[in-house]
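All values below come from the heavy atoms of this structure, side chains included, with hydrogens, waters and symmetry mates left out. Sequence positions, counted from 1, serve as the residue numbers for this chain.
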Amino acid sequence: MAAVGSAGELGERLRATGYLAGDGLATVGYLALALQRPLLLEGEPGTGKTSLAAAIAEAFGLELIRLQCYEGIDASQALYDWDFPRQILHLRTVEATSSDAAVEEVEKSLFDERFLLSRPVLRALRESPAVLLVDEIDRADDEFEAFLLEVLSTYEVTIPELGTITAEVPPIVVLTSNRTREVHDALKRRCLYHWIDHPGLAREIEIVRTRLPEVSARLAEQVARSVHRIRELDLLKPPGVAETLDWARALDALGTGVLDVETAAATLGAVLKYREDTDRVRESLDRLLAS
């Protein structure tokens with residue numbers, strides 16, 4: 001992986017992938033790379049937390065390995081497991097062909113490397129340099145956080161049957177959280193931290209123009225300005241940048257050059273995901289679309 005010499009250089013590399021990082025995000029991202037520290041990103045859904053990990057992977061030509069967290073996830077689902085069906089087949093083959101095989105040797109053969117199923121964390125340690133994305137860590141429980149903290153402290157894991165596996169080069173680790181609950185202080189202390197907020201209007205227009213160059217400048221501005229006004233309403237789920245891009249794509253697919261009330265009302269499903277929010281916005285479309 002080619003090193004970057006400054007936050008500005010990282011920002012330019014990310015921009016080349018279509019990801020526009022502000023100065024603060026580019027700086028903390030550069031420090032995470034330079035200091036080999038995990039980066040914890042928090043913010044509202046749709047603000048580009050997950051996309052940053054993908055952009056870093058693309059910018060440096062690395063594999064993106066994603067671990068999606070959810071309630072009840074445990075270490076085996078993040079680290080490794082054994083291919084039980086193949087182990088059974090192997091055992092039956094040994095029994096059929098080697099009646100005098102030693103029990104100890106048979107047991108040892110069951111935990112051979114070929115039966116190991118590498119999950120995302122183990123893959124990242126073994127295949128690094130790579131980008132490990134731990135997505136929505138706030139959905140996991142305390143025990144999983146403790147396990148992850150241990151791994152990120154040493155970048156190694158021990159498999160009893162095979163020994164200790166240590167990353168030759170620590171992977172680039174990006175953790176995201178929508179803050180449905182607070183991540184524990186111990187994990188936060190291990191990471192560099194950045195809160196990603198919704199971008200300002202000018203930056204959001206630039207994001208749409210960069211990511212969707214086929215969308216006209218006028219439509220990009222109308223969509224971004226309308227989304228900014230929508231966010232000011234009391235909604236159950238305000239739209240993020242991802243929804244802004246979805247709306248612009250939908251309008252472009254319809255051949256829309258100028259956003260009017262009728263077209264906006266027909267395409268609100270691209271930007272809003274709750275009926276109550278859709279009803280509230282539909283009632284205010286005249287004002288929201290005003291120049």
(request) May I ask you to say whether Glu204 pairs ionically with Arg231, meaning some side-chain N is under 4.0 Å from a carboxylate O? (result) yes
(message) For the CD1 atom of Ile196 and the CG atom of Leu41, what is their distance to the nearest 0.5 Å?
(response) 4.5 Å
(message) Is it the case that the side chain of Ser284 and the backbone of Arg287 share a donor-acceptor pair, with hydrogens and angles ignored and the cut-off at 3.5 Å?
(response) no
Considering only distance and modelled atom types, tabulate donor-acceptor pairs under 3.5 Å from the side chains of residues 22-31, sequence neighbours left out.
residue : atom : partner : partner atom : Å
Thr27   : OG1  : Asp23   : O            : 2.8
Tyr30   : OH   : Gly5    : O            : 3.4

(request) Answer yes or no: does atom CD of Glu150 have more than 12 heavy-atom neighbours from other residues, nucleotides or ligands under 6.0 Å? (result) no
(request) Kindly give the heavy-atom pair with the smallest separation between Ala140 and Cys69, and that separation in Å. (result) CB-CB, 4.3 Å
(request) State plainly whether the residues Glu136 and Arg139 are in salt-bridge range, i.e. N to O under 4.0 Å. (result) yes
(request) Answer yes if Ile230 and Leu201 sit in the same cluster of Ile, Leu, Val, Met, Phe, Trp and Tyr residues linked by side chain heavy atoms under 4.5 Å apart, and no otherwise. (result) no
(message) Looking only at the side chains, is there a donor atom on one of Gln77 and Tyr70 sitting less than 3.5 Å from an acceptor on the other?
(response) yes
(request) Taking all heavy atoms of Val208 and all of Ala220, pick out the closest pair and write down the distance. (result) CG1-CB, 3.7 Å
(message) So, applying side-chain hydrogen bond (donor to acceptor under 3.5 Å, both in side chains) with Asn178, which one of Lys49, Glu42, Glu44 is it?
(response) Lys49
(message) How long is the straight-line distance from OG1 of Thr176 back to CG of Asp138, given to the nearest 0.5 Å?
(response) 7.0 Å
(request) Kindly determine whether Asp74 and Phe144 satisfy side-chain contact (heavy atoms from CB on, under 4.5 Å), including the steps that lead there. (result) CA-CA 6 Å; Asp74 60 27; Phe144 185 77; 5.6 Å; no
(request) May I ask you to check whether over 12 heavy atoms, not counting those of Glu214, lie within 6.0 Å of atom CD? (result) yes
(request) To the nearest 0.5 angstrom, please state how far the OH atom of Tyr193 sits from the OG atom of Ser177. (result) 7.5 Å
(request) Report yes if some heavy atom in the side chain of Leu14 is under 4.5 Å from a heavy atom in the side chain of Leu20; otherwise report no. (result) no
(message) Quick check for you: to the nearest 0.5 Å, what is the distance between Ile65 atom CD1 and Ile172 atom CD1?
(response) 11.5 Å
(message) So Tyr19 and Ile207, do their side chains get closer than 4.5 Å, heavy atoms only?
(response) no
(request) Could you tell me whether the side chain of Asp277 reaches within less than 4.5 Å of the side chain of Arg280, counting heavy atoms only? (result) yes
(message) For Asp252, is there an ion pair with Arg249 - N to carboxylate O distance below 4.0 angstrom?
(response) no
(message) Quick test of your reading of the model: are Arg123 and Glu63 salt-bridged, counting only N-O distances below 4.0 Å?
(response) yes
(request) Answer yes or no: does atom OH of Tyr274 have more than 12 heavy-atom neighbours from other residues, nucleotides or ligands under 6.0 Å? (result) no
(request) Check whether any side-chain heavy atom of Pro120 lies under 4.5 Å from a side-chain heavy atom of Arg66, and answer yes or no. (result) no
(request) In sequence, state the C-alpha distance, the side-chain angles, and the governing distance for Arg275 and Asp279, and then conclude on side-chain contact (heavy atoms from CB on, under 4.5 Å). (result) CA-CA 6 Å; Arg275 187 195 67 186; Asp279 291 343; 3.9 Å; yes
(request) May I ask whether Leu289 and Val258 are part of the same hydrophobic cluster, defined by side-chain heavy atoms of I, L, V, M, F, W, Y residues being less than 4.5 angstrom apart, directly or through others? (result) no
(message) So Glu145 and Asp141, do their side chains get closer than 4.5 Å, heavy atoms only?
(response) no
(request) Measure the spacing between CG of Leu125 and CD of Glu168 and express it to the nearest 0.5 Å. (result) 11.5 Å
(message) Could you check whether any side-chain heavy atom of Leu235 comes within less than 4.5 Å of a side-chain heavy atom of Val281, counting everything from C-beta outward?
(response) yes
(message) Out of the candidates Asp135, Val183, Leu39, Leu148, only one should pair with Leu175 under the side-chain contact (heavy atoms from CB on, under 4.5 Å) rule; please name it.
(response) Leu148
(request) In sequence, state the C-alpha distance, the side-chain angles, and the governing distance for Val173 and Tyr155, and then conclude on side-chain contact (heavy atoms from CB on, under 4.5 Å). (result) CA-CA 11 Å; Val173 181; Tyr155 292 108; 4.1 Å; yes
Please tabulate, one pair per line, all N/O donor-acceptor pairs under 3.5 Å involving side-chain atoms of residues 185-192, not counting sequence neighbours.
residue : atom : partner : partner atom : Å
Lys188  : NZ   : Glu182  : OE1          : 3.3
Arg190  : NE   : Leu152  : O            : 2.9
Arg190  : NH2  : Leu152  : O            : 2.6

(message) Do Leu67 and Leu133 make a side-chain contact, defined as non-hydrogen atoms from C-beta onward lying under 4.5 Å apart?
(response) no
(message) Restricting to non-hydrogen atoms, name the atom on Ala53 and the atom on Val131 that form the minimum distance, rounded to 0.1 Å.
(response) O-CG1, 3.9 Å
(request) Take Val227 and Glu243 through the side-chain contact (heavy atoms from CB on, under 4.5 Å) test and state the conclusion after the steps. (result) CA-CA 9 Å; Val227 170; Glu243 284 73 34; over 6 Å; no
(request) Check whether Val169 and Val174 end up in the same hydrophobic cluster, where Ile, Leu, Val, Met, Phe, Trp and Tyr are linked by side-chain heavy atoms less than 4.5 Å apart. (result) no
(message) Taking the side chain as everything from C-beta on, heavy atoms only, tell me whether Ser153 gets closer than 4.5 Å to Leu149.
(response) yes
(message) Is there a continuous path of hydrophobic side-chain contacts, each under 4.5 Å between heavy atoms, that joins Leu254 to Val215?
(response) no
(request) Would you check if the side chain of Ser216 reaches a backbone N or O of Leu219 as a donor-acceptor pair within less than 3.5 Å? (result) yes
(request) Establish whether Val134 and Val151 are linked, either directly or via other cluster members, by ILVMFWY side-chain heavy-atom contacts under 4.5 Å. (result) yes
Less than 3.5 Å apart, which donor and acceptor atoms pair up between the side chains of residues 264-273 and the rest of the protein, not counting sequence neighbours?
residue : atom : partner : partner atom : Å
Thr267  : OG1  : Trp247  : NE1          : 2.8
Thr267  : OG1  : Thr263  : O            : 2.8
Thr267  : OG1  : Ala264  : O            : 3.4
Lys273  : NZ   : Gly269  : O            : 3.1
Lys273  : NZ   : Ala270  : O            : 3.4

(request) Can you measure from CG (Leu288) to CD (Glu232) and round to the nearest 0.5 angstrom? (result) 8.5 Å
